[in-house]
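Just so we're on the same page: letters track the sequence lines, and every chain starts at 1. It should be emphasised that the depicted structure is a prediction, and the values quoted were computed from it without experimental measurement.
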Protein chains: 2
Amino acid sequence: MPAAAFKSVRALALFHDMADANFDRLTKAAYLQRFPAHVQLIEEGGAADFLHVVVEGCVELFASHNGRDTTMALVHPVSTFILAATLKDRPYLMSARTTMPGQILMIPSADIRTMLEIDPGFARAMVVELASCYRNVVKELKNQKLRTSVERVANYLIRQQKRHPGMEFALPVEKRALASLLGMTPENLSRAFGALRSHGVEVDGPMVRLTDIEALSAMARPNPLIDDFSS
Amino acid sequence: MPAAAFKSVRALALFHDMADANFDRLTKAAYLQRFPAHVQLIEEGGAADFLHVVVEGCVELFASHNGRDTTMALVHPVSTFILAATLKDRPYLMSARTTMPGQILMIPSADIRTMLEIDPGFARAMVVELASCYRNVVKELKNQKLRTSVERVANYLIRQQKRHPGMEFALPVEKRALASLLGMTPENLSRAFGALRSHGVEVDGPMVRLTDIEALSAMARPNPLIDDFSS
DNA sequence: GATATCGCTTGACGCAGATCAAGGCGCTTG
DNA sequence: CAAGCGCCTTGATCTGCGTCAAGCGATATC
């Protein structure tokens, strides 16, 4: 594995407290692979043979049922996904596909489970990581059940703005995927952007500028117990 | 703590691998309390001072935002709730109230976190427990995003039926709470029951009889990746 | 035993958001 | 450069579900 990738994975909270020897052992058994855009990495219902780490690019987690399907989350570098299935040795609950070219590190699940037994630091880090994942899904569920679609869009934009230093930022994925993540159709996302124009939202292709955060916040009513993905 | 309660808590997977001395220490610092029905135990946003265990009765987890509120989960004996907030030492994301008289064991969060450091068996069990919680919320999110309200009701009934040996069973909570859990209004839950009559669903007060599981399943389309809460 | 209260049901209505259809724009491809 | 395709937008229409309002039955209260 290239030194840069090695270093960035090592820096993850999940692997930070791990003994050096154990981390080396884990990465020796792992594969770092490049993928083009729009490649399906895992399929819902399949066996959880690998823990995946997005090193570069972006991965969309989605789920299907009865012909419908919905985006569950977007995973950005550097973070892991489908940790829980790996640990429980249970089928994946979500499928995953790349949204752009990137690099994925795949670590055999069996090695992760072994490491859990022998490295207490890793076990503790895992507890914290899983607790965070759990809380993030709970927030997403609250977001879905307690807000209208326009409110979800508005709060999404505010959250994105906070991650970016400048005045404007680019949507990280296609609008159709964003719409699905927010639990709405692409048509209604367009209309929502239109409705938010009067609250200082300017959308031009993938670029977004929020010219009046005050006004936008007043209608969006952000709530740390839903929107703060770091707590 | 009475022997019966002690034993049932000890039997939880979460505490099963823990050293005896550590479990004793944990329970010594804990409070077992009786509560009447409809008492709020914790408030969303509050500090996570205790890990709670439902020993008897039933607890409703719910969340509020902007005047709306929604039931997030129903917790039956014997299981823990708000594990993640306890571990991360972060504010609760959900409020909790009893739906009937019962007993709750409250273990100081600080003790749980200490135990995580010193008892590797506990840390491992915690990983598995959190992974299960995470997967259950993911399933709930899929349930919400991929199904109509009538489908959610139908699948809920099928799930309940599986837990009960006999021909009929009682709804575990008031219909209004059930409606909220299923992401709909009480009015629409009534109408959904009406619509399901033609699929062999007979509802009389809190009692439910499914006279034609085949027909019900045909319309509900249960899916283990959404409905199987044990995997 | 009359009355009030609460949980549930039923009907009428309105709205948010899905669906259907058409058209525009920027990209790729020959 | 033209043709074709994918993504997005806009408008028209449909519908699932929420809201509002009234009524019903069981339990509680005096």
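Using a 30° and 60° split on the angle between ring planes, A:Tyr31 and A:Phe50 fall in the perpendicular class, above 60°.
Ranking C:dG7, D:dC8, C:dG17 by closeness to the A:Arg176 side chain, first place goes to D:dC8. Closest to the B:Thr148 side chain, of the nucleotides C:dA18, D:dC17, D:dT19, is D:dC17.
Taking all atoms of both residues into account, the shortest heavy-atom contact from A:Glu44 to A:Ser64 is OE1-N, 2.9 Å. Between A:Lys145 and B:Gly183, the closest heavy-atom pair is CE-CA, 4.0 Å.
Only one option out of A:Lys139, A:Arg163, A:Arg147 pairs with A:Asp227 in a salt bridge (Lys or Arg N to Asp or Glu O under 4.0 Å); it is A:Arg147.
Using a 4.5 Å heavy-atom threshold, the side chains of B:Leu14 and B:Glu129 count as touching. Considering only heavy atoms from C-beta on, A:Arg135 stays 4.5 Å or farther from A:Phe229 through its side chain.
In this structure, the CZ atom of A:Arg147 is 20 Å from the C1' atom of D:dG18, given to the nearest Å. Straight-line distance from the CG atom of A:Asp204 to the C1' atom of C:dC25: 12 Å, rounded to whole Å. A:Lys145 places its NZ atom 14 Å from the P atom of D:dC17, with the value rounded to the nearest Å. Atom P of nucleotide D:dC8 and atom CE of A:Met184 are separated by 13 Å, given to the nearest angstrom. Nucleotide D:dC17 holds its C1' atom 13 Å from the CD atom of B:Gln144, rounded to whole Å. Between the C1' atom of D:dG18 and the CZ atom of B:Arg152 lies a distance of 13 Å, rounded to the nearest Å.
We find that A:Arg68 and B:Glu151 are joined by a salt bridge, their nearest charged nitrogen and carboxylate oxygen being less than 4.0 Å apart. Using a cutoff of 4.0 Å between basic side-chain nitrogens and carboxylate oxygens, A:Asp69 and B:Lys142 are not scored as salt-bridged.
Taking CZ from A:Arg152 and CG from A:Leu157, the interatomic distance works out to 13.0 Å, rounded to the nearest 0.5 Å.
Sparse packing is recorded around CZ of A:Arg209, with 12 or fewer heavy atoms of other residues, nucleotides or ligands lying under 6.0 Å away. In the displayed structure, B:Arg221 atom CZ is contacted under 6.0 Å by at most 12 heavy atoms of other residues, nucleotides or ligands.
Contact annotation: B:Thr185 does not reach the phosphate of D:dC17 (side-chain N/O to OP1 or OP2, under 4.0 Å).
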Per-nucleotide protein contact string for nucleotides 9-14 of chain C, where B marks a base within reach and S marks sugar-phosphate only (heavy atoms under 4.0 Å, - for neither): SBBB--
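Contacts between residues 66-75 of chain B and DNA chain C, defined by a heavy-atom separation under 4.0 Å, are absent.
Recorded end-axis angle for the helix from C:dG1-D:dC30 to C:dG30-D:dC1 stands at 30°, based on five pairs per end and rounded to 10 degrees.
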